[in-house]
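Following: one structure in structure tokens, then a few remarks.
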Amino acid sequence: MTDTRDTLGIVVWRLALVAIAAVVVLGVLNALPQFLGGEPLGVVRYDSVEQLQNRLHLVAWRPADLPAPWSWPPSGVRLAVGRPNWLQFLFESADPVGDLVICQTTEPARGQAAALLPRWLLRFEGLSATDQEVPETLLSPGRVLLETEISIGDGTARLRRLLRHDGSIVNEVWWQQAARRVMLRLDAPADRLARVADRILRTRP
Amino acid sequence: MEAVLGSWRIRRADRRIAFWLLALAFPFLVLPAFLLVAPFRADDTFGACCALLSTGRWNAVRMGGVGMGRLVVGLLALGGILLFLRDAVPFVTEAVQERREKAGGAIPPPATVASLVETLAARIGARAPALMVLPSDEPVLFARGALRPTLVFSTGALTRLPDAEMRAALVHELAHVRFRDPLAGWLLMAARLVMFWNPAVQLVCRALVQEMEQRADRLAVSLAGVSDFAAVLRTLNGRHPRQPLAEGRIRASIDAFRARLHRAHLGARLDALTVPEAPLPFARTRFALVALTLTAVLFFVV
């Protein structure tokens, strides 16, 4: 009886070792891209907004008009998976004013993995997004130096000034657009950012 | 699968075949079943939040403007196609050649060989196959025929193999007949054709063919002894395979390399026969455990 149990134990133990080795190899292969110029875990890069919309079956909010020097389409389209999902559009500019980043939330569609997983598991995986902060995997975080309410378009928004880890200061404008949270970030003075946000919001598609 | 079989030290060819068949079931049955049962696996969000390995993540790493994921998948598919062609082309050409040789006029088999085949077939529990003798000096002996098994000999094999070795060779081929290996060979080739781009399917099918050979080897050795069977292998497989590829020194180097590979392969095949086949306790439990583990791991690979 003891022999039988020992043999079975060895069988299970050896299979477990092989399975663990396989899982480790797969995990390393999955993590490796982020060290080779790819995306961090939990983030997906898309070639275009259309590709993102088709693959996720959603309609992203898009600004009807962008002031120069930025123009549609964005040069970078990324998704941070969570509940909510965060989308990021990057508009690059050769102009000294810098790159404009637009982030927005979307709820995962029914049947998508992020909607099926319980919140505690998402938290465990580091994917527990809120609509108050853009995930660090998508946008470098910073310490809030100033937060104030401003008027843009027909409504109000929150202006935030942040000190990033590299010592630079950026400004963000946050507002609610129907069911989604939208954020604009620009490495420029707050009044410039407010004007950009105002233009985006005043122009209707 | 090889790691599991190695860690459990499973030597019995029939057991190994069962495990390899389980592995083959995954691309044909289990992965399509995942699509039906868990369609959310195809979603990008599954790859990003739940997968152990999402190959799509490698597409964000660019090399020459192409995503590494697509590049690697393309290279693997190319490998799969080459593996398929490597075995499918000889398989088809040999089948065509046999048909031609048969049409060219087969010689009636000697009565002694026919009676030996009947005796040995009865001894190992195989149905006595049809016999066909080809007029060729090359030492050739194999079993063919998916539905109607036939043992094909060349006159070269009949003259070169002494009685004891002929007996060992016949048992080996009759073992193929008993286990319906020619039919299995066609089915495996069909599976490889269906998934000609999939290197895993190609490798698993190749492994299955090797295991079937080893199963027949074991039966031959059990009845005829290792030394006679080793002599048969050297006689039937000892010549340099296929035609030379190039002229001069390059040709000589390639031929020498091929000969070395060939000798190593024969050596490994004979060495495998000297390892005793231990019984396999908990065979069904092991099978179920492997099936569950593979299903669990592969579910999270997209």
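Everything numeric here is computed off the predicted structure, so don't read it as measured data. In what follows, every chain begins at residue 1, and chains take the letters A, B, ... in the order their sequences are listed.
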Check whether [X] gets within reach of chain B through its side chain, its backbone, both or neither, counting any heavy atom under 4.5 Å.
X       : result
A:Phe35 : neither
A:Arg14 : both
A:Leu29 : both
A:Ala31 : backbone
A:Val43 : backbone
A:Val44 : side chain

Taking [options] one by one, which has the highest count of heavy-atom pairs under 4.5 Å against chain B?
options                            : result
A:Gly27, A:Pro40, A:Ala80, A:Gly37 : A:Pro40
A:Val12, A:Leu15, A:Val23          : A:Leu15
A:Ala16, A:Ala19, A:Ala22, A:Gly38 : A:Gly38
A:Leu32, A:Leu79, A:Leu17          : A:Leu32

Taking side chain as everything from C-beta outward and backbone as N, CA, C, O, which of these in [X] sits under 4.5 Å from a heavy atom of chain A? Side chain, backbone, both or neither.
X        : value
B:Ala296 : neither
B:Thr45  : both
B:Val301 : side chain
B:Asp44  : both
B:Thr285 : side chain
B:Phe46  : both

Checking an interface table here. Which of [range] come within a heavy-atom distance under 4.5 Å of chain A?
range                       : value
residues 57-73 of chain B   : B:Arg57, B:Trp58, B:Ala60, B:Val61, B:Arg62
residues 1-12 of chain B    : B:Ala3, B:Val4, B:Ser7, B:Trp8, B:Arg9
residues 209-218 of chain B : none
residues 181-202 of chain B : none

[X] atom [atom1], neighbour heavy-atom count above 12 within 6.0 Å:
X        : atom1 : result
A:Trp72  : CH2   : yes
A:Glu136 : CD    : no
A:Arg45  : CZ    : yes

Among B:Val290, B:Leu289, B:Leu294, B:Val297, which residue forms the greatest number of heavy-atom pairs with chain A at distances under 4.5 Å?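 Of the candidates given, the most pairs with chain A belong to B:Leu289.
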
Over all atoms of both residues, closest heavy-atom pair of A:Leu8 and B:Phe282: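 Closest approach of A:Leu8 to B:Phe282, heavy atoms only: N-CE1, 3.7 Å.
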
What's the shortest heavy-atom distance between B:Ala51 and A:Asn30, and which atoms?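 Looks like O-ND2, 3.6 Å.
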
Measuring from A:Leu26:CG to B:Thr55:OG1, what's the distance to the nearest 0.5 Å?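 Those atoms lie 11.0 Å apart.
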
